[in-house]
Amino acid sequence: MPGSGLAAVTAALALVTATGCQSITSGGGEEEGEVHSVEEGFHVGLLLPDLFTARYEAFDYPYFEEALGEQCPNCEFSYANADGEVDEQQTQAQAMLTDGIDVLVLDAVDAEAAAGTVNEASSQGVPVLAYDRLAEGGVDAYVSFDNHRVGQVQGESLLAAIEEEGTTGEGQIVMVNGSPTDPNAADFKAGAHEVLDGQIEIGQEYDTPDWSPEEATTQMEGAITSLGADEITGVLAANDGMASGVIAALQSAGVATEDLPPVTGQDAELAGIQRIVAGEQYMTVYKEIRPQAELAAQVTVDLATGSDIEPGEHSLAQLEDGSGEEIDSVLLEPVALTIDNIDDTVVSDGFYTVEEICEGEYADTDYCQEAL
């Protein structure tokens, strides 16, 4: 994992543990609404939503911390993970605001519930950058991937896999969408439907609270009971965690690995990529988290210093939040990852090594036999 690179982080800042407990550094005591400088530094708070999704602790948090340290060596940094609890994230945000943060970077557990936090920060003159997920309440900027495009990529990949297997026009697919409280999930769902509607029959569709793999298993068991395992020609699972639940349900129903229908995913989790090399999962959506985190750190500095947002090689768009307000937004492009481009994506980018992917039982897969 990258080092912190933050000269002004004090010993009082302890990393958040798997319990989701908060950790806060001492505040800078700046006046509300003050424009800050990189030379003097300022205090940044980062709030991430959960521990269910591996990327947040393994990548987003350390990448953001590293990038902020490079761009603002004299900045203070506070971090907390809400472990999927709305009330916990509100408590963490309030503690950071009380402690004197100058910019809040927020990946909300619940976008609608986060409006109170955003409004409270705004009332104190603290700009809010929505990270990965657009919170309500009038945030100042938004950095994420093109979430509508993510759903399109999943839908396009699923149709391509079904065509490759020669089952087009046979059976039905199942859609296991993300959490109904996550606006990203709505975008993924809309993008997928744009591709799938009219092209294939959707036999069952679910929204999955909290992106829960366990709930995805239960939903998939219901779909199997309703449709029959042999009639399911594909599953659009909105992320890798839920894909694991879907595949577990299919395997429990007696479907052998070689007979599994193509299943999509998202986030390029290590377990998801291992399922791809094992022939259990067809694809995942790879989102290059380091560029996203580095861009978020740059926008954080822009907000603190009162500068125009610099999107780098990306374009600056205007997206509407839930209240109809237009938000300066920088959106990155997602990539479909299958067995054919593992080396050209996560391996070449240093996201995972071949040795990590091919650990244990996966060493015997065809991919690992060739790669090792």
Side-chain angles (χ1 to χ4, degrees), residues 48-50 52-56 59-60 64 105-115 118 128-137 139-158 175-197 205-211 216 236-243 264-269 272 283-293 295-296 299 309 311 314-337 345:
L48 294 181
D50 65 61
F52 319 134
T53 308
R55 57 170 285 190
Y56 293 127
F59 301 108
D60 295 85
F64 179 88
V105 182
L106 173 64
D107 191 343
V109 175
D110 184 317
E112 184 176 355
V118 174
V128 179
L129 168 61
Y131 177 77
D132 202 54
R133 185 175 297 167
L134 184 55
E136 296 188 12
V139 300
D140 295 272
Y142 175 47
V143 171
S144 185
F145 283 82
D146 187 334
N147 296 316
H148 191 83
R149 181 64 189 143
V150 168
Q152 290 178 325
V153 167
Q154 290 174 323
E156 291 164 357
S157 297
L158 186 60
M175 291 185 68
V176 182
N177 304 308
S179 173
T181 62
D182 183 347
N184 286 7
D187 288 339
F188 302 149
K189 181 178 176 178
H193 271 290
E194 187 174 291
V195 171
L196 297 172
D197 289 354
E205 181 170 6
Y206 307 91
D207 294 325
T208 311
D210 300 323
W211 296 89
L236 191 140
N239 79 352
D240 289 340
M242 296 192 307
T264 71
Q266 180 184 181
D267 292 326
E269 292 186 355
M283 64 84 68
T284 184
V285 176
Y286 175 46
K287 299 187 289 189
E288 295 179 275
I289 298 173
R290 184 182 286 277
Q292 182 188 16
L295 183 58
V299 173
I309 292 176
H314 309 283
S315 59
L316 187 63
Q318 297 292 315
L319 293 186
E320 287 190 359
D321 65 7
S323 63
E325 293 289 328
E326 289 193 340
I327 309 299
D328 286 336
S329 306
V330 188
L331 304 178
L332 292 81
E333 180 73 14
V335 176
L337 185 157
T345 52

Identify all side-chain donor-acceptor contacts of residues 105-113 below 3.5 Å with residues at least two apart in sequence or on another chain.
unit_1: Asp110; atom_1: OD1; unit_2: Glu112; atom_2: N; d: 3.0
unit_1: Asp110; atom_1: OD1; unit_2: Ala113; atom_2: N; d: 3.1

Counterpart residues, side-chain hydrogen bond (donor to acceptor under 3.5 Å, both in side chains), relative to [X] (two or more places apart):
X	result
Asp328	Gln318
Thr208	Gln219
Thr284	Asp240
His148	Glu194

Report summary line: Tightest non-hydrogen contact, residues Pro183 and Leu134, listed as CG-O, 3.4 Å
**Report entry** Exercise: identify the closest heavy-atom pair between Asp132 and Ser144
**Finding:** O-OG, 3.0 Å
Query - Under the salt bridge (charged side-chain N to carboxylate O under 4.0 Å, His left out) test, residues paired with Glu269 that sit two or more places apart - result: none
Query raised in the report: Can you name the salt bridge (charged side-chain N to carboxylate O under 4.0 Å, His left out) partners of Asp207, sequence neighbours left out?
Result: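 So Asp207 forms a salt bridge (charged side-chain N to carboxylate O under 4.0 Å, His left out) with Lys189.
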So does [Y] get a backbone contact from the side chain of [X], meaning a donor-acceptor N/O pair under 3.5 Å?
X	Y	value
Thr181	Ser179	no
Asp140	Val128	yes
Gln266	Ala238	yes

Report task. Check the pair Thr345 / Val335 against side-chain contact (heavy atoms from CB on, under 4.5 Å), numbers first and verdict last. Result -> CA-CA 9 Å; Thr345 52; Val335 176; 4.3 Å; yes
Student check: side-chain heavy atoms of [X] and [Y] closer than 4.5 Å:
X	Y	answer
Leu295	Leu332	yes
Gln292	Asp60	yes
Lys287	Arg55	yes
Asn184	Phe145	no
Tyr142	Val330	no
Pro49	Tyr56	yes

Requested in this report: For Trp211 and Asp182, test the side chains for any donor-to-acceptor distance below 3.5 angstrom and give the result as yes or no.
Outcome: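 Asp182 and Trp211 do have a side-chain donor-acceptor pair below 3.5 Å.
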**Report entry** Pair Glu205-His193, side-chain donor/acceptor within less than 3.5 Å
**Finding:**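 There is such a pair between these side chains.
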By side chain to side chain contact (heavy atoms under 4.5 Å, CB included) - contacts of [X] (at least two apart):
X	value
Ser157	Val153, Tyr282, Met283, Ala336
Ala141	Leu129, Val299, Leu303, Ile309
Ala243	Ala237, Val263, Arg275, Gln281
Glu288	Tyr286, Pro291, Asp349

To the nearest 0.5 Å, tell me how far [X] [atom1] sits from [Y] [atom2].
X	Y	atom1	atom2	result
Thr264	Met175	OG1	CE	8.5 Å
Leu331	Arg149	CG	CZ	13.0 Å
Phe188	Gln154	CZ	CD	7.0 Å
Leu158	Leu236	CG	CG	6.0 Å
Ile289	Asp267	CD1	CG	6.5 Å
His314	Asp146	NE2	CG	12.0 Å

